[in-house]
Amino acid sequence: MLQIHYIRENAEEIIEKLKRRNLDAREWVEEALDLDKKRREAQTKLDQTLAESNKASKEIGNLFKSGQKEAATALREKMAAMKGEVKGMQEGLQKLQEELHEVLTHIPNVPNDLVPEGKSDQDNLEIFSQGKVEKSPENAMPHWELAEKYKLINFELGTKITGAGFPVYTGKGARLQRALIQFFLDYNTEAGYEEIIPPHLVNEASGFGTGQLPDKEGQMYHVTGDNLYLIPTAEVPVTNLLRDEILNQSDLPIKFTAYTPCFRREAGSYGKDVRGLNRLHQFDKVEIVQVRHPDESYQALEEMVEHVKGILEALELPYRIVRLCGGDLGFTSALTYDFEVWSQAQERWLEVSSVSNFEAFQSNRLKLRFRGSEKSTQLCHTLNGSALALPRILAALLENNQTEDGILIPKALQTYTKFEKID
RNA sequence: GGAGAGGUGGCCGAGUGGUUUAAGGCGCACGCCUGGAAAGCGUGUUUCCCGGAGACGGGAUCGAGGGUUCGAAUCCCUUCCUCUCCGCCA
């Protein structure tokens, strides 16, 4: 959510920059400004009336105390008549505030100047690539066939006990999952991220704080009996750890990492894009989250990009980094880099990480502030990234490392798997 | 899940309808005092909104949301959370 005083001062610039999202925000911005103006007028009027009423109430108390009953009664009757007026003003103000909040909730974050123009993921800008993008050998298998051959993942069993998109990992497949999680967490904590194990269900306020609610409600599993949501990413519980906090500037930067399963309904998905591990309802992911001083958030974003690069290099996977274009940029993000690994057998890029700077967009919803040298509080900047999401990494590892004798495990993982090959 | 007790500022803690303008204490900041410090004394110290260049003024805020009243931390209703006991249980 953008701050209203930011919109007040930069309306035209915001409208212009939101065009990068292929969005004409003029109507919303102008409505927000109009509601804001009305709200301030209503606030001023109400405050004046309340000031009078407070004064009169005190007067009544004093009059009764000094025995001037008639004067007190008269004034009391006068104030009783004013009551309806005050209530009307309060309701009017509240309505304006709600309407303003509603409009603000629908305006996405302002893209950074680096965000390229474009409509879809086709228009994302490749800024870096490493490793050989090769065609697969003749007899190469896609990961779902490899998973079956070596009994690593059982999709049918998942379907039996839950439904499609809930795989069961077995044997070395399960062990490899655990190895990846452990490897990622170690890599992240060594870089200074504090490890967190958060709850896997969150309340409505948390869903709002990071921007999943109200708009993306349909993408989360909702436990209606207790009005809780299964987390779609660790970003939600971990970032919300700091909701409603006022930090000292010296507390920054804050860096968290967390492994959690992630639950996504992914309604309407179908076809080869969702085959095997490509898109699941439950998957594992290790997330990194940073809370930063506004002046440092872009430096932090670069730092996180370098960090994720390091992981992919350790896994010896060919990958590229793309800068998301306006049409593909998430609602809450100002700038996002996606990491994609090359899947040989499928001959396509698979997204394995998304690293974003949300600037103050989330922290305004979260009321996550810090106090620096200035008297007033200031919103922090929040960032997060996957480091990393497991399923597609697993898919690429299986497909790219398949040999006639089995699947080779990269060195970095062997400490964790305790085996060098799946055969 | 059942019964009871409670939720007050950065922290502790008083406050059962009107000098509460939330006592008092601790902490913190600044000043005085001092060679310097401690002690002592004084001043300030929630957050958000409105007005103002600012000084400052006004409003809201005692878990949250409603209600009663001229006036609510205080009374009523709803809800969330914490603690104690019981029940269930890894």
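Lettering of chains follows the sequences in order, A, B, ..., and the numbering in each one begins at 1.
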> C1' atom, C26(B) versus U45(B): distance in rounded Å?
Replying inline: 13 Å
>> Taking only side-chain N and O atoms of Arg40(A), does any of them lie within less than 4.0 angstrom of OP1 or OP2 on C49(B)?
In response: no
> Can you tell me how far C1' in U68(B) sits from the matching atom in U78(B), rounded to whole Å?
Replying inline: 15 Å
>> Quick check on A60(B): is either OP1 or OP2 less than 4.0 Å from any side-chain nitrogen or oxygen of Asn54(A)?
In response: yes
>> What's the gap between U61(B) and U47(B) when it is taken at their C1' atoms, as a whole Å value?
In response: 8 Å
> Counting only Watson-Crick or G-U wobble pairs whose two distances fall under 3.5 Å, which nucleotide matches A90(B)?
Replying inline: none
> For Arg369(A) and U47(B), is the shortest distance between a side-chain N/O and OP1 or OP2 below 4.0 Å?
Replying inline: no
> If you measure only the distance, is there a donor-acceptor pair under 3.5 Å linking the side chains of Thr332(A) and Asn109(A)?
Replying inline: no
> How does each nucleotide of nucleotides 62-78 of chain B score, in 5' to 3' order, for protein heavy atoms under 4.0 Å: base (B), sugar-phosphate only (S), or none (-)?
Replying inline: ----SS-BBS-------
>> Using the ring pair (Phe, Tyr, Trp, His ring centres under 6.0 Å) criterion, which residues pair with His281(A)? Sequence neighbours excluded.
In response: Phe166(A)
> P atom, U46(B) versus G10(B): distance in rounded Å?
Replying inline: 8 Å
>> Tell me which nucleotide, if any, is Watson-Crick or G-U wobble paired with C41(B) when both distances must be under 3.5 Å.
In response: G31(B)
>> Please give the distance between the P atoms of G13(B) and C70(B) as a whole number of Å.
In response: 37 Å
> Where each residue is assigned the nucleotide of RNA chain B containing its nearest heavy atom, which of Thr44(A) and Lys55(A) is assigned the position nearer the 5′ end?
Replying inline: Thr44(A)
> Are Lys95(A) and Glu99(A) within salt-bridge range, i.e. N to O under 4.0 Å?
Replying inline: yes
> Is there a Watson-Crick or G-U wobble partner for U46(B) with both distances under 3.5 Å, and if so, which one is it?
Replying inline: none
>> Parallel, tilted or perpendicular, judged at 30° and 60°: which one describes the rings of Phe331(A) and Phe361(A)?
In response: perpendicular
> Any idea how His293(A) and Phe370(A) line up, ring-wise: parallel (<30°), tilted (30 to 60°), or perpendicular (>60°)?
Replying inline: tilted
>> Give me the distance, rounded to whole Å, that separates G7(B) from U43(B) when you measure between the P atoms they each carry.
In response: 31 Å
> Taking atom P in both C12(B) and A5(B), what distance in whole Å separates the two?
Replying inline: 23 Å
> For Phe184(A), which residues count as a ring pair (Phe, Tyr, Trp, His ring centres under 6.0 Å) partner, sequence neighbours excluded?
Replying inline: none
>> Measure CD/Gln97(A) against P/U61(B) and give the value in whole Å, please.
In response: 13 Å
> Is any N or O donor-acceptor pair between the side chain of Asp47(A) and the base of G58(B) shorter than 3.5 Å?
Replying inline: yes
> Expressed in whole Å, how much space separates the C1' atoms belonging to G63(B) and U74(B)?
Replying inline: 16 Å
> Between Lys17(A) and Glu12(A), is the closest basic N to carboxylate O distance under 4.0 Å?
Replying inline: no
